[in-house]
Amino acid sequence: MTDILGWRHCFGVLGPSTNTIVQPDMEAMRPVGVTNHYSRIFTPNAQAVSNETFMAGVSVIGQNTLDAVASVMTAEPDSLVMGMSAVTFIGGVAGANEFRKKLEDTGRVKAATGSHACAEALQAYGGIKRIAFMSPYFPAANAEVKRFFQESGYEVVRETCLQCPRWTAIAKVPAHTVRDTFQSLDGDDVDAIVQVGTNLSAVKLAAAAELWLGKPVIAINTAIYWQALRMNGIPDKIEGFGRLLAEF
């Protein structure tokens, strides 16, 4: 027997309790017959005013993630979707692989994660060697993102971190800031632009930026959900979120 509403697939989506963007983003991208079941990772909304406090907060999220996995698995989802990105980049490719393995070993199902999703998205476009990326993070976290992309074979030409002062402040970054940041990262020396930080609202802006920059602009929430669909054999092409979901 299959789930009446999620007759094609049921996702268990993991996200920090302070995150207000992942859930509506992924609902907007959800095809018919697929359902998303959100499990919140307890995250105190502490000040993130330095490299140290930001990374300490990321560590707390990482430690609490497996409890959220155990909770959502009581609904028997078919696979997991990690809706928090910073922790998936820590430790480079080896760290990303280890974190995903913990998710999959705990849930005993496959898991889509932000770091791997971005790398696979870049591969899907093809011909990308040099990238720029933006985040709502602090420099210490950006360094981990840069390390992952470099170890994945990409040259990171430029990067920007918005240094949001609280976890919830990430969701309040205005559209014009994201737009201006995309523009500042662009250049003839960049083949693609990536946005990380799942609580930063950018899926629609990234899709629009692809049109006026004329190159791939990948929002991490789009990449994660795209990876989750494709790795589970769901081929639906979805318009309105950029080339990644519409073409690949």
Side-chain angles (χ1 to χ4, degrees), residues 11-27 36-75 77 80-92 95-96 98-107 111-118 133-148 159-174 177-178 195-203 219-221 223-225:
F11 287 126
V13 182
L14 311 166
S17 56
T18 52
N19 189 306
T20 57
I21 300 299
V22 165
Q23 189 168 0
D25 271 2
M26 293 187 178
E27 277 300 293
N36 303 324
H37 308 284
Y38 204 78
S39 184
R40 292 190 173 272
I41 305 163
F42 178 69
T43 309
N45 190 27
Q47 295 286 344
V49 295
S50 68
N51 281 325
E52 292 75 17
T53 54
F54 189 93
M55 295 305 288
V58 170
S59 177
V60 169
I61 294 171
Q63 293 166 17
N64 292 342
T65 296
L66 297 185
D67 289 338
V69 173
S71 177
V72 79
M73 289 310 301
T74 63
L80 294 170
V81 180
M82 182 60 182
M84 193 273 183
S85 62
V87 70
T88 72
F89 287 99
I90 293 175
E98 181 181 357
F99 182 80
R100 182 173 63 182
K101 186 176 186 301
K102 286 181 181 179
L103 294 181
E104 293 180 337
D105 287 349
T106 301
T113 57
S115 54
H116 292 101
C118 288
F133 74 89
M134 69 170 294
S135 82
Y137 308 154
F138 277 72
N142 257 36
E144 296 292 336
V145 177
K146 183 175 182 178
R147 174 184 173 185
F148 174 85
E159 60 178 284
T160 297
C161 52
L162 300 180
Q163 301 190 43
C164 293
R166 296 175 68 85
W167 298 121
T168 51
I170 298 171
K172 298 175 174 61
V173 174
T177 297
V178 179
Q195 170 266 321
V196 302
T198 62
N199 204 25
L200 183 64
S201 181
V203 296
I220 195 165
N221 286 352
I224 295 169
Y225 206 72

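Heavy-atom basis, side chains included; hydrogens, waters and symmetry copies ignored.
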For residues [X] and [Y], report the shortest heavy-atom separation together with the two atoms involved.
{"X": "A223", "Y": "A117", "value": "O-CB, 3.5 Å"}
{"X": "I41", "Y": "A68", "value": "CG1-CB, 3.7 Å"}
{"X": "A219", "Y": "A202", "value": "CB-O, 3.8 Å"}
{"X": "G15", "Y": "Y38", "value": "CA-OH, 3.4 Å"}
{"X": "S201", "Y": "V178", "value": "O-CG2, 4.1 Å"}

For the pair Y137 and V58, evaluate side-chain contact (heavy atoms from CB on, under 4.5 Å) and give the outcome as yes or no after the intermediate values. CA-CA 10 Å; Y137 308 154; V58 170; over 6 Å; no

Pair listing, salt bridge (Lys or Arg N to Asp or Glu O under 4.0 Å) test, anchored in residues 12-27, at least two apart: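 Qualifying pairs, neighbours excluded: E27-R30.
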
Applying side-chain hydrogen bond (donor to acceptor under 3.5 Å, both in side chains), name anything that partners [X], two or more places apart in sequence or on another chain.
{"X": "S71", "answer": "none"}
{"X": "E159", "answer": "N142"}
{"X": "S39", "answer": "none"}

Using side-chain contact (heavy atoms from CB on, under 4.5 Å) as the criterion, list what pairs up with [X], not counting sequence neighbours.
{"X": "E104", "result": "R100, K110, A111"}
{"X": "T177", "result": "L162, V173, P174, T181"}
{"X": "T168", "result": "T18, N45, R166, K172"}
{"X": "P139", "result": "N51, C161, Q163"}

Name all residues meeting the ring-ring contact (aromatic ring centres under 6.0 Å, His included) criterion together with F89; count only those two or more places apart in sequence or in a different chain, and write none if there are none.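 ring-ring contact (aromatic ring centres under 6.0 Å, His included) check on F89 returns F148, F149.
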
If you define the side chain from C-beta out and look only at heavy atoms, does anything of [X] sit under 4.5 Å from [Y]?
{"X": "L200", "Y": "Q195", "result": "yes"}
{"X": "T65", "Y": "M82", "result": "yes"}
{"X": "V145", "Y": "F133", "result": "yes"}
{"X": "T43", "Y": "M84", "result": "no"}

Main chain of T198, side chain of N221: is a donor-acceptor contact present, judged purely on distance under 3.5 Å?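 Such a contact is found between N221 side chain and T198 backbone.
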
Spell out, as yes or no, whether a donor-acceptor pair under 3.5 Å connects the side chain of N199 to the backbone of T20.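 Here the side-chain-to-backbone pair exists.
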
Parallel, tilted or perpendicular: ring planes of F138 versus F54, cut at 30 and 60 degrees: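 Rings of F138 and F54: tilted, as their planes differ by 30° to 60°.
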
From [X] [atom1] over to [Y] [atom2], what is the distance, rounded to the nearest 0.5 angstrom?
{"X": "L66", "Y": "L14", "atom1": "CG", "atom2": "CG", "result": "9.5 Å"}
{"X": "F99", "Y": "T113", "atom1": "CZ", "atom2": "OG1", "result": "8.0 Å"}
{"X": "E144", "Y": "S115", "atom1": "CD", "atom2": "OG", "result": "11.0 Å"}
{"X": "I220", "Y": "T88", "atom1": "CD1", "atom2": "OG1", "result": "5.5 Å"}

Can you name the salt bridge (Lys or Arg N to Asp or Glu O under 4.0 Å) partners of D105, sequence neighbours left out?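 Listed in chain order: K101.
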
Could you walk me through whether I224 and M26 pass the side-chain contact (heavy atoms from CB on, under 4.5 Å) test, one step at a time? CA-CA 9 Å; I224 295 169; M26 293 187 178; 3.8 Å; yes

